[in-house]
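All remarks here apply to the structure that follows.
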Amino acid sequence: MAGRRTNLALLVLLAAALATGGLAYGIGTEWSRWAAIAHGVAGLGIVVLTPWKSVIARRGLRRRRPGSWASISLAVALGLALVAGMAHSTGLLRSAAGVTAMQIHVGAALTSIPFALWHLFARPVRPHRTDFSRRALLRGAALGAASFAAYGALSGLVWVTRLPGRARRFTGSYETGSFRPDAMPVTQWLNDSVPEVDGASWVLSIRQNGREVRRLSLDDLDQQRERVRATIDCTGGWFATQVWEGVRLDALLGRDLQGRSIEVRSATGYARRYPARDASMLWLATRVGDAPLSPGHGYPARLVAPGRRGFWWVKWVASIEVTDAPWWLQPPFPLT
């Protein structure tokens, strides 16, 4: 395959891998399965093109052009992302030194983005009319078939050899601590840390468009709680099914509070916004597994959001606010 076409194919596969990876990372429903498969196919397509790209890379390094360090950094980041992704998907390495293979995979992929953008603008790959010729399309189809074949071969190998990867959930996560809350990992988003919250003095602030309308204590919540079985699926690569006890948000907020969205805010400042129509599918939990929440799992109260990834399950909830702002007016992933 010619060098220019190889680079163009890699550009397409990189864009596909990032897009499908973002979808797989953020979706907690069955649709995540198809995004994860597409992500795996795109990633293995990059592996398939490695022999051709290595020839181009060696030729480029011999020229000693300015900016070679950035190209090398891109290659290292992508290589690390691919290795960590396959380690996680097969289950051969799930974590090391307290860091999961999924976290390494995502971190390396995000690190590669600025280097990829630099490479794109410093050494652009311009499409030609011949890229859409019958021969070029057949080559593209052959690359796609090889990528699917590689994905199928790797999946078959995992299944036949009974590697841990065969037990993954449709999101790619591994079961950890189901029905054993004390064995469930303690994780939080980026720079959050476990706060010290005094349950005896804790109050939940219920708000409407910036105005506080009600304050509730733990005792108030416990009088209304119900049980719900739900699975938390963390973007760190694990999931756990637990029996939670809490108050459904539509019952908690009542009919008097109306708006387009519901913002749930943590004592740490972390917050996520949800469509108001989803209030009946969200719970504010105070207990799990017949015991109060532990500090690491969100004591005194955390959100339970079935069908959503773990970063939607806000911990250490301090306030719930009904607002007129649209729920989607927020980053798809929290920034801090």
Side-chain angles (χ1 to χ4, degrees), residues 28 94-103 167 169 171 173-206 215-249 251-252 262-272 274 281-320 333-334 336:
R94 291 174 54 185
S95 64
V99 181
T100 68
M102 177 58 73
Q103 289 170 331
R169 197 168 184 249
T171 56
S173 298
Y174 292 88
E175 188 279 324
T176 308
S178 288
F179 305 109
R180 295 177 296 127
D182 57 327
M184 187 169 64
V186 173
T187 59
Q188 45 271 345
W189 190 261
L190 297 183
N191 61 344
D192 255 2
S193 58
V194 179
E196 294 183 7
V197 181
D198 181 9
S201 60
W202 175 86
V203 291
L204 173 70
S205 176
I206 304 295
R215 292 166 68 86
L216 299 171
S217 67
L218 263 180
D219 289 338
D220 294 329
L221 294 179
D222 284 341
Q223 292 174 13
Q224 307 176 60
R225 72 173 188 261
E226 59 182 287
R227 295 165 71 90
V228 57
R229 177 171 167 169
T231 299
I232 179 170
D233 194 324
C234 181
T235 50
W238 61 268
F239 76 90
T241 302
Q242 308 289 356
V243 177
W244 310 82
E245 295 180 53
V247 186
R248 213 172 59 218
L249 256 58
L252 183 66
I262 300 169
E263 184 185 73
V264 180
R265 185 169 293 274
S266 169
T268 64
Y270 181 94
R272 293 303 287 168
Y274 311 79
M281 297 180 284
L282 301 169
W283 281 261
L284 184 66
T286 58
R287 298 172 64 86
V288 60
D290 294 322
L293 295 166
S294 69
H297 290 144
Y299 180 83
R302 74 172 300 161
L303 199 71
V304 170
R308 294 177 182 267
R309 298 304 295 271
F311 63 86
W312 291 94
W313 295 49
V314 181
K315 297 195 285 189
W316 314 295
V317 175
S319 68
I320 300 178
F333 300 104
T336 60

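Heads up: numbering here begins at 1 and tracks the sequence. Basis for what follows: all heavy atoms, side chains included, without hydrogens, waters or symmetry-related copies.
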Query raised in the report: Atom OG in S266, atom CZ in R302: separation rounded to 0.5 Å?
Result: 10.5 Å
Query - Beyond-backbone contact of F239 with I232, side-chain heavy atoms, under 4.5 angstrom - result: no
Requested in this report: Give a yes or no on whether the backbone of L221 and the side-chain of Q224 come within a donor-acceptor separation of less than 3.5 Å.
Outcome: no
Report task. Please round to the nearest 0.5 Å and tell me the distance separating atom OG of S173 and atom CH2 of W238. Result -> 9.0 Å
Query raised in the report: Does G98 offer a backbone N or O that forms a donor-acceptor pair with the side chain of S95 under 3.5 Å?
Result: no
Query raised in the report: Is it the case that T241 and T231 place a side-chain donor and acceptor less than 3.5 Å from each other?
Result: yes
Query - Backbone N/O of G296 and side chain of K315: donor-acceptor pair under 3.5 Å - result: yes
Requested in this report: On the 0 to 90° scale, with breaks at 30° and 60°, tag the W189-F311 ring pair as parallel, tilted or perpendicular.
Outcome: tilted
Query - Shortest non-hydrogen contact between V203 and R215, atoms and distance - result: CG2-NH2, 3.0 Å
Report task. Compare all side-chain heavy atoms of E226 with those of V247 and state whether any distance is below 4.5 angstrom. Result -> no
Query raised in the report: Once you round to the nearest 0.5 Å, how far does CG of L204 lie from CG of L216?
Result: 5.5 Å
Query - Spatial distance of atom CE (M184) from atom CZ (F179) [nearest 0.5 Å] - result: 11.5 Å
Requested in this report: Hey, could you give me the CZ/CD distance between R287 and Q242, rounded to the nearest 0.5 Å?
Outcome: 13.5 Å
Query raised in the report: Going by distance alone, is a donor N or O of one side chain under 3.5 Å from an acceptor N or O of the other, for S294 and D182?
Result: no
Query - Flag, side chain of D222 to backbone of D219, donor-acceptor distance under 3.5 Å - result: no
Query raised in the report: If we only count heavy atoms from C-beta on, is the L218 to T286 side-chain gap below 4.5 Å?
Result: yes
Query - Near-ring test Y274/W312, centroid separation under 6.0 angstrom - result: yes
Query raised in the report: Of L249, V264, I320, which is the lone residue that meets side chain to side chain contact (heavy atoms under 4.5 Å, CB included) with L282?
Result: L249
Query - Worked verdict on W316 versus L293 for side chain to side chain contact (heavy atoms under 4.5 Å, CB included) - result: CA-CA 10 Å; W316 314 295; L293 295 166; over 6 Å; no
Report task. Would you mind reporting whether V186 and H297 have side-chain heavy atoms less than 4.5 Å apart? Result -> yes
Query raised in the report: Counting only N and O atoms by type, is there a donor-acceptor contact under 3.5 Å from the side chain of E175 to the main-chain atoms of G177?
Result: yes
Report task. Measure the shortest side-chain to side-chain distance between T171 and R309 over non-hydrogen atoms and say whether it is less than 4.5 angstrom. Result -> yes
Query - Nearest heavy atoms of G28 and R169, plus distance in Å - result: O-NH1, 4.3 Å
Report summary line: Smallest heavy-atom separation, V314 atom then Y270 atom, equals CG2-CE2, 4.0 Å
Query raised in the report: Are T176 and R94 close enough, and set up right, to give a side chain to side chain contact (heavy atoms under 4.5 Å, CB included), and what steps lead you there?
Result: CA-CA 12 Å; T176 308; R94 291 174 54 185; 3.4 Å; yes
Query raised in the report: Would you call D290 and R227 a salt bridge, taking side-chain N to carboxylate O under 4.0 Å as the test?
Result: yes
**Report entry** Gap between atom SG of C234 and atom OH of Y174 - 0.5 Å precision
**Finding:** 14.5 Å
Query raised in the report: Does any N or O in the side chain of W313 come within less than 3.5 Å of the main-chain N or O of R308, such that one atom is a donor and the other an acceptor?
Result: yes
Report summary line: What one should report as the nearest heavy-atom pair of P300 and V197 is CD-CG1, 3.5 Å
Query raised in the report: Under the 3.5 angstrom rule, does the side chain of W244 hit a backbone N or O of A230 as a donor-acceptor pair?
Result: yes
